[in-house]
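The structure appears below as structure tokens.
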Amino acid sequence: MHEFRTHTCGQLRKSDVGQTVRISGWINSVRDHGGVIFIDLRDHYGKTQVVIDPTKEFYRELERWRVETVVCFTGTVVARTPETVNPKLATGEIELVAEAMTVLGETEQVPFQVAKDEDVPESLRLKYRFLDLRRDDLHKKIVMRSRLIEELRRKMWSLGFTEYQTPILTSSSPEGARDYLVPSRVHPGKFYALPQAPQQFKQLLMVAGFDRYFQIAPCFRDEDARADRSPGEFYQLDIEMSYATQEDIFAILENLLTEIFPKFTTKKINAAPFPRIPYRESMDRFGSDKPDLRNPLEMIDVTEIFRNSGFQAFTKNVANGGVVKAIKVSGIAAGSNSQPRRFYDEMIKFAQESGAKGMAYIIWANGETRSPIVKFMTGNEIPELEAKAGIQDGDVLFFLADQKALVNSVGGKVITELGRRLNLINQDEFKFCWIVDFPMFETDEETGSLIFSHNPFSMPQGGMKAIMEKNPLDILAYQYDIVCNGIELSSGAIRNHQPELMYKMFEMCGYTREIVDEKFGGMINAFKLGAPPHGGIAPGVDRMAMLLADAPNIREVIAFPFNQQAEDLMMNAPAPVDMKQLRELRVIPVPQELKYEETFKKLLAEAEKVRAAEAAAAAMTAAPAQDTEAGK
RNA sequence: GGGGGCGUAGCUCAACUGGUUAGAGUGCCACCCUGUCACGGUGGAUGUUGCGGGUUCGAGUCCCGUCGCUCUCGCCA
């Protein structure tokens with residue numbers, strides 16, 4: 001018989017009754033009835049009830065029958081009597097009557113319960129992540145993530161893509177997020193950078209003729225955390241295609257997402273093609289470039305209605321170049337949905353806290369309008385609003401008036417808040433959309449000069465002709481985002497593969513040819529030697545897993561995540577290193593801030609030890625003293 | 001770097017307006033129980049109330065500072 005197990009804890013069924021078997025796992029729970037003891041033994045595959053007669057010799061081998069001890073039981077599979085069958089357990093029709101036991105791994109008191117569904121502070125869960133991962137909920141999420149990656153790979157291969165690895169140690173990219181740097185031992189004072197994304201490599205693979213590339217790619221960015229953004233590292237399904245148009249890439253992603261998502265969720269998914277929403281339209285309607293389309297609310301521009309109104313607050317704003325926008329909420333002023341006065345006060349307060357000077361509203365109820373502002377309206381504002389917004393009895397319009405950027409920003413937040421408060425968001429669906437037509441350039445608010453608004457390597461719509469003839473601020477890029485339920489899954493672009501066009505665009509943003517060659521030489525030189533048109537996208541694997549697992553934050557679908565401060569509390573990373581390593585890498589720490597003082601003292605002590613050891617070694621071999629840089 | 005929230009037993013939480021020996025559940029320890037399945041019962045141990053200072057006759061509670069966690073703005077080509 002196998003030393004540890006003949007079956008897993010999720011395997012035994014009625015058909016195994018009568019067999020002598022061996023199973024191993026963690027003690028999930030102990031139910032001691034004096035004359036008989038029940039143990040639920042748990043492993044990756046499931047749970048099996050083990051029955052123990054406490055008069056048996058082996059019972060005394062284990063001093064404490066603590067949960068989370070790892071034990072091995074040998075015994076006979078017995079059918080449970082009908083009234084003792086446990087329908088909640090896959091193995092619930094049988095139990096193992098134990099005849100022998102071996103303790104494989106003892107445990108101290110666990111810092112939190114594995115088998116019970118209790119809240120545990122996340123810092124503790126992260127410190128004991130291996131315990132947390134034993135818990136059913138998290139365990140299943142991590143398995144689901146693994147299966148998701150398997151399905152993504154399978155689908156990409158079936159679509160004709162091939163997976164290639166790209167370097168982890170590479171050079172610092174000149175734009176974008178902060179890099180993680182790795183000092184070079186061979187080249188003192190020089191650094192590798194961990195890739196923020198394999199962007200340039202995947203483009204070079206296209207130049208190299210591989211045609212359709214994908215990779216489950218690790219990416220590293222030294223940026224601060226959010227609920228949907230893990231600091232440090234994350235994975236993306238990195239995709240690049242040669243001879244592809246924007247629509248070709250959309251078709252691939254739509255095919256992939258509509259096929260893969262249903263394998264992991266019962267939620268409804270909107271059918272392809274997903275809506276394509278131009279960036280500026282998205283900002284105007286939803287106040288965001290990642291709208292949650294489950295929320296039916298959007299902004300309606302009513303500026304013209306108030307250009308010549310008697311309501312001075314709005315009219316003056318319009319005269320000053322501002323806009324007036326309305327958000328229609330249907331049916332909240334009639335019947336059982338009717339909102340109390342307090343609701344309007346709270347929403348106004350919310351708008352003010354979000355940056356608005358105020359927020360007005362008009363209620364249509366019982367054939368008349370109620371509003372603090374209607375009395376100021378002298379013309380046809382009310383019927384015009386009714387026509388423009390399609391008002392019915394019971395509807396409410398909220399108004400924001402200010403400069404456009406502020407109205408969009410506050411309006412976006414108000415839409416989200418209204419959706420949340422009024423339960424307008426259907427939790428049982430995924431709504432995807434594409435945000436397209438991002439502007440290629442924008443004006444830097446501080447300097448007033450032209451800058452790339454997103455990615456300098458995207459292809460401008462209209463190509464060189466547009467660059468030469470159009471107002472740069474009117475030029476759009478073949479740059480797009482895919483958004484699901486208000487979460488940005490990925491950006492992507494058709495790349496600019498024409499060196500002369502790239503030089504010209506950088507020149508417009510104040511970069512000379514020499515600077516472009518210096519910063520982006522690797523890629524631009526490749527483009528000079530025959531580059532196919534290409535483009536791609538890179539949806540975040542962690543974010544897809546988070547959506548599918550219905551997880552409140554991204555750490556729930558990562559086996560060993562950093563905390564918000566980019567620390568691994570279990571492995572104690574980052575950590576000080578010893579002086580010997582620092583010396584070898586020619587990295588000498590400088591205590592610029594008080595909080596480094598302790599680290600520095602430690603390092604000095606280390607250095608002293610190294611020096612003493614070297615001195616001793618030198619004395620032994622009578623060799624002359626080596627370099628004495630330590631401790632500088 | 002800025003703003004909000006939180007910090008009391010191993011864990012989850014309570015403790016009025018500042019007032020007795022800081023409680024409960026769970027876990028832990030001991031004992032009882034032959035059909036439970038998050039078993040049940042009886043008893044017990046466990047606290048620098050994150051840390052430091054202050055106000056007060058008296059501080060878990062109020063004030064100041066500090067540390068940690070979390071959400072968020074900046075940031076994320």
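Lettering of chains follows the sequences in order, A, B, ..., and the numbering in each one begins at 1.
- Looking at A:Asp16 and A:Arg13, no side-chain N of the basic residue comes within less than 4.0 Å of a carboxylate O on the acidic one, giving no salt bridge.
- Look at A:Asp437 and A:Arg280 and you find no salt bridge, because none of the NZ, NE, NH1 or NH2 atoms lies under 4.0 Å from a carboxylate O.
- The side chain of A:Gln565 contributes an N or O atom lying less than 4.0 Å from OP1 or OP2 of B:C69.
- For A:Asp222 and B:C76, the CG to P distance is 12 Å, given to the nearest whole Å.
- With P as the reference atom, B:G5 and B:A45 are 39 Å apart, rounded to whole Å.
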Short heteroatom pairs, N/O only, protein and nucleotides 2-4 of chain B, under 3.5 Å:
none

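- Using a cutoff of 4.0 Å between basic side-chain nitrogens and carboxylate oxygens, A:Glu240 and A:Arg495 are scored as salt-bridged.
- In summary, A:Arg229 and A:Asp542 do not engage in a salt bridge, as defined by a charged side-chain N under 4.0 Å from a carboxylate O.
- Salt bridge annotation for A:Glu500-A:Arg513: present, with a cationic side-chain nitrogen under 4.0 angstrom from a carboxylate oxygen.
- Separation of the C1' atoms belonging to B:G60 and B:U8 is 7 Å when rounded to the nearest angstrom.
- With sequence neighbours left out, the side chain to side chain contact (heavy atoms under 4.5 Å, CB included) criterion links A:Asp517 to A:Tyr503, A:Ile524, A:Lys528.
- Counting only heavy atoms from C-beta on, A:Arg178 has its side chain closest to B:C75 among B:C75, B:C29, B:C69.
- In this structure, B:A30 forms a base pair with B:U42, meeting either the Watson-Crick or the G-U wobble geometry with both donor-acceptor distances under 3.5 Å.
- Ranking B:U70, B:U26, B:C76 by closeness to the A:Arg555 side chain, first place goes to B:U70.
- One interatomic measurement links the two molecules: CD of A:Glu556 to P of B:U70, which rounds to 12 Å at whole-angstrom precision.
- Using a 4.0 Å heavy-atom cutoff across all strands shown, A:Arg125 reaches no nucleic acid atom at all.
- Between A:Lys141 and A:Glu556, at least one side-chain nitrogen of the basic residue sits less than 4.0 Å from a carboxylate oxygen of the acidic one, meeting the salt-bridge criterion.
- Side-chain atoms of A:Arg229 come within donor-acceptor range of the base of B:C76, with a qualifying N/O pair under 3.5 Å.
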Could you write out each protein N or O paired with an N or O of nucleotides 5-8 of chain B at a distance under 3.5 Å?
none

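- Going from the P atom of B:U21 to that of B:U66 covers 34 Å, rounded to whole Å.
- Residues in residues 27-36 of chain A take part in these side chain to side chain donor-acceptor pair (under 3.5 Å) pairs, two or more places apart or across chains: A:Asn28-A:Arg42, A:Ser29-A:Arg31, A:Ser29-A:Asp40, A:Arg31-A:Asp40, A:Arg31-A:Gln49.
- In this entry B:C11 has B:G25 as its Watson-Crick or G-U wobble partner, both defining distances falling under 3.5 Å.
- With both ends at atom C1', the span from B:G2 to B:G74 equals 8 Å, rounded to whole Å.
- The partner of B:G68 is B:C6, by the rule that a Watson-Crick or G-U pair needs both atom distances under 3.5 Å.
- Straight-line distance from the CG atom of A:Leu126 to the P atom of B:G68: 16 Å, rounded to whole Å.
- Counting to the nearest Å, the C1' atom of B:G27 and the CD atom of A:Glu108 are 15 Å from each other.
- Separating the P atom of B:C69 from that of B:C11 is a span of 16 Å, rounded to the nearest Å.
- A salt bridge links A:Asp238 and A:Lys202; the closest N-O separation between the charged side-chain nitrogens and carboxylate oxygens is under 4.0 Å.
- Salt-bridge formation is detected for the pair A:Arg421/A:Glu346: a Lys NZ or Arg NE/NH1/NH2 atom is positioned less than 4.0 Å from an Asp or Glu carboxylate oxygen.
- Residue A:Arg66 places no side-chain atom within donor-acceptor reach of the base of B:G27, judged by atom type and a 3.5 Å distance cut-off alone.
- Separating the NZ atom of A:Lys56 from the P atom of B:U34 is a distance of 17 Å, rounded to the nearest angstrom.
- The CG-P distance, from A:Leu131 to B:G10, rounds to 17 Å in whole Å.
- As rounded to the nearest Å, B:C13 and B:C6 have P atoms that lie 13 Å from one another.
- Neither OP1 nor OP2 of B:C75 sits under 4.0 Å from any side-chain N or O of A:Arg221.
- A:Asn553 has its CG atom 9 Å from the P atom of B:U70, to the nearest Å.
- With sequence neighbours left out, A:Thr55 forms a side chain to side chain contact (heavy atoms under 4.5 Å, CB included) with A:Asp53.
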### Query
So A:Glu106 and A:Arg66, side-chain contact (heavy atoms from CB on, under 4.5 Å) or not? Walk me through it.
CA-CA 9 Å; A:Glu106 288 198 64; A:Arg66 269 194 191 142; over 6 Å; no
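- Taking 4.0 Å as the cut-off between side-chain N and carboxylate O, A:Asp136 and A:Lys140 count as a salt-bridged pair.
- Rounded to whole Å, the C1' atom of B:G18 lies 8 Å from the corresponding atom of B:C62.
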### Task
Heavy atoms under 4.0 Å is the rule here; annotate nucleotides 36-46 of chain B 5' to 3' with B where the base is hit, S where only the sugar-phosphate is, and - elsewhere.
BBBB-------
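- Ion pairing between A:Arg178 and A:Glu223 holds under the 4.0 Å rule for side-chain N and carboxylate O.
- Nucleotide B:C16 is matched to nothing when pairs are restricted to Watson-Crick or G-U wobble geometry with both distances under 3.5 angstrom.
- In this structure, A:Trp65 atom CH2 and B:C29 atom P are separated by 14 Å, rounded to whole Å.
- B:G50 and B:G68 are spaced 16 Å apart, taking the P atom of each and rounding to whole Å.
- Take the nearest nucleotide of RNA chain B for A:Gln113 and for A:Lys290: the residue whose nucleotide is more 5' is A:Gln113.
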